[in-house]
There are 2 protein chains.
Amino acid sequence: MSPSISNQITQMLLDMLDRDGTTEIRRNDLAQSLGCVPSQINYVISSRFTPERGYIVESRRGGGGYVKITRVSLDFPTAIMHAVNSVGSEIDPLAARSCIMNLLSRGVIEQNGARLIAAAVDENALRPVPYEYRDTVRASILKQMLLAYSQNRKG
Amino acid sequence: MSPSISNQITQMLLDMLDRDGTTEIRRNDLAQSLGCVPSQINYVISSRFTPERGYIVESRRGGGGYVKITRVSLDFPTAIMHAVNSVGSEIDPLAARSCIMNLLSRGVIEQNGARLIAAAVDENALRPVPYEYRDTVRASILKQMLLAYSQNRKG
DNA sequence: ATGTAATTATAGTCAGAGAAAGTCAAATTT
DNA sequence: AAATTTGACTTTCTCTGACTATAATTACAT
């Protein structure tokens, strides 16, 4: 893991979330204590704690304001369907990765499956497809695989 | 073994890999320290650390970016490596299917894995890719997935 | 005491600068 | 001819700060 500030913030938030699945912060304080500008917290949240990835974020401005992050969890079929539906007709490498990681971290899919799916939709595997089609192909493969995955086992 | 810069880079990466099978570099730093242009690192990676030779490469751009190379474990079934090498640069749906079935029937891969791989290289998933590229893409994906599979525990 | 205005305390947005890595094809070496 | 070397250009990800939006609190007038 790279030592970028964004990654530190991410890690810190994940640690807090690991305790009870929810965390509430004061944006400015956190930024202060990490030595970055407040808006970077927003950047991290919007690039990593997305609904796609299984988080809901609420906030409030003004005096006594806060930012609250909650990790949501769904049952297997619902989670898979949700994921499939969220994919759309195109998906870029980062979003695909997020989608897979999200399912993995929530225990919807397993490490082995995640690896296979990740390998299939990786930019590396898709190199031979013309750039303009890549995200469309990625979406197609991802959806097919998730569907196939849901056939896989014990519900 | 000429002392070309590419060979030096290769050797350095191999040395790093010998420690724990994985290595993460900052492309620009490495290029700097070896006195070559950054893009030469890409050349080395794409010419020597290929899936056929048993390497998985991941990377990230932007601040805190990196290039990570992983060598699949030395004790993984040679059968998989054989399969990867037998695939070539193109493969049609039928051949792909029989490749997968073959590995499955020999117990090299499992039902679940076979299903995922089959889904990914299926004509259905690849529909969005122009016909002329399909078999090439299929080959690329298949190889990447088999390689990823060989990373799975209890293989 | 009550309603309104001013002030203060937060958080959000966005565009631009900065930091890596990737691509491609021409030039060079082997 | 094939492999290597190079650098100009592209794409992606991160960081920053000026500006905006909203909520709570305080001040003030009635």
Side-chain angles (χ1 to χ4, degrees), chain A residues 1-13 23-50 52-53 56-69 90-98 101 121-135 138, chain B residues 1-13 23-50 53 56-69 140:
Chain A
M1 188 64 95
S2 9
S4 70
I5 300 185
S6 284
N7 284 335
Q8 285 175 236
I9 298 171
T10 303
Q11 198 49 57
M12 174 162 285
L13 292 176
T23 185
E24 194 173 313
I25 61 168
R26 316 292 304 255
R27 189 186 73 150
N28 288 354
D29 291 355
L30 184 56
Q32 179 82 40
S33 79
L34 282 163
C36 67
V37 296
S39 61
Q40 187 154 12
I41 308 292
N42 294 82
Y43 169 68
V44 169
I45 287 173
S46 64
S47 66
R48 293 145 157 84
F49 294 84
T50 64
E52 269 259 307
R53 239 175 143 164
I56 61 181
V57 178
E58 302 159 282
S59 67
R60 224 180 148 146
R61 311 185 184 190
Y66 63 89
V67 175
K68 182 178 163 195
I69 303 174
E90 298 184 18
I91 191 169
D92 64 59
L94 184 61
R97 189 162 193 82
S98 293
M101 286 309 166
V121 302
D122 190 77
E123 196 67 347
N124 245 317
L126 267 26
R127 187 136 302 147
V129 10
Y131 199 76
E132 4 151 23
Y133 299 111
R134 250 179 237 178
D135 288 354
R138 195 188 330 274
Chain B
M1 213 27 109
S2 49
S4 72
I5 299 188
S6 282
N7 283 334
Q8 284 175 238
I9 298 171
T10 303
Q11 198 48 57
M12 174 160 285
L13 291 176
T23 184
E24 194 173 312
I25 63 168
R26 318 292 305 251
R27 190 187 71 151
N28 288 353
D29 291 355
L30 184 57
Q32 178 82 41
S33 79
L34 282 163
C36 67
V37 296
S39 60
Q40 186 153 12
I41 308 292
N42 295 81
Y43 170 69
V44 169
I45 287 173
S46 65
S47 67
R48 292 145 158 84
F49 294 83
T50 64
R53 301 193 189 190
I56 292 176
V57 179
E58 300 160 282
S59 68
R60 231 183 133 86
R61 310 185 184 189
Y66 62 88
V67 175
K68 181 177 163 195
I69 303 175
S140 175

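These numbers come from the heavy atoms of this one structure, side chains and all, not from hydrogens, waters or symmetry mates. Just so it is clear: chains get the letters A, B, ... in the order the sequence lines come, proteins before strands, and each one is counted from 1.
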*Asks:* Describe the nucleic acid contact of A:G63 in one word from base, sugar-phosphate, nothing, applying a heavy-atom distance below 4.0 Å.
*Replies:* base
*Asks:* Reckon B:R26 has a side-chain N or O less than 4.0 Å from the OP1 or OP2 of C:dA20?
*Replies:* yes
*Asks:* Look up atom CG in A:N28 and atom OG in A:S33, then write down how far apart they are to the nearest 0.5 Å.
*Replies:* 11.0 Å
*Asks:* Can you list everything that forms a salt bridge (charged side-chain N to carboxylate O under 4.0 Å, His left out) with B:E58? Sequence neighbours excluded, please.
*Replies:* A:R97, B:K68
*Asks:* Contact list please: residues 28-42 of chain B against DNA chain C, heavy atoms, distance less than 4.0 Å, in numerical order.
*Replies:* B:N28, B:S39, B:N42
*Asks:* Nearest whole Å is fine: how far is C:dG22 P from B:I45 CD1?
*Replies:* 7 Å
*Asks:* Run B:I56 and A:N124 through side-chain contact (heavy atoms from CB on, under 4.5 Å) and show every step you take.
*Replies:* CA-CA 9 Å; B:I56 292 176; A:N124 245 317; over 6 Å; no
*Asks:* Specify the separation, in whole Å, of atom OH of A:Y66 and atom C1' of C:dT10.
*Replies:* 12 Å
*Asks:* So, taking the atom named OG in B:S47 and the one named CG in B:N42, what distance separates them when rounded to the nearest 0.5 Å?
*Replies:* 10.5 Å
*Asks:* Go nucleotide by nucleotide along DNA chain D from the 5' end; which of A:G64 and A:I5 gets its closest nucleotide reached first?
*Replies:* A:I5
*Asks:* I want to check one thing: is the phosphate of C:dT23, taken as OP1 and OP2, less than 4.0 Å away from some side-chain N or O of A:R127?
*Replies:* yes
*Asks:* Report the C-alpha separation of B:L13 and B:L30 in whole Å, then their side-chain angles, then the decisive distance to 0.1 Å, and conclude whether the side-chain contact (heavy atoms from CB on, under 4.5 Å) test is met.
*Replies:* CA-CA 10 Å; B:L13 291 176; B:L30 184 57; 4.1 Å; yes
*Asks:* Can you check the A:K68 NZ to C:dA11 C1' distance for me, whole Å?
*Replies:* 16 Å
*Asks:* If the condition is salt bridge (charged side-chain N to carboxylate O under 4.0 Å, His left out), which residues does A:R134 pass it with, not counting sequence neighbours?
*Replies:* A:E123
*Asks:* My understanding is that only residues two or more places apart in sequence, or in another chain, count here; which of them pass salt bridge (charged side-chain N to carboxylate O under 4.0 Å, His left out) with A:D135?
*Replies:* A:R138
*Asks:* Which is the 5'-most and which the 3'-most nucleotide of DNA chain D that has an atom under 4.0 Å from a heavy atom of chain A?
*Replies:* D:dT11 to D:dA24
*Asks:* A:I69 CD1 to C:dA11 P: how many Å, rounded?
*Replies:* 12 Å
*Asks:* Please name the pair of heavy atoms, one in A:T10 and one in A:F49, separated by the smallest distance, quoted to 0.1 Å.
*Replies:* O-CZ, 4.0 Å
*Asks:* On DNA chain D, nearest-nucleotide positions of B:Y43 versus B:R61: which is more 5'?
*Replies:* B:Y43
*Asks:* A:S6: which residues meet the side-chain contact (heavy atoms from CB on, under 4.5 Å) condition with it, sequence neighbours left out?
*Replies:* A:S4, A:Q40, A:Y43, A:V44, A:R48
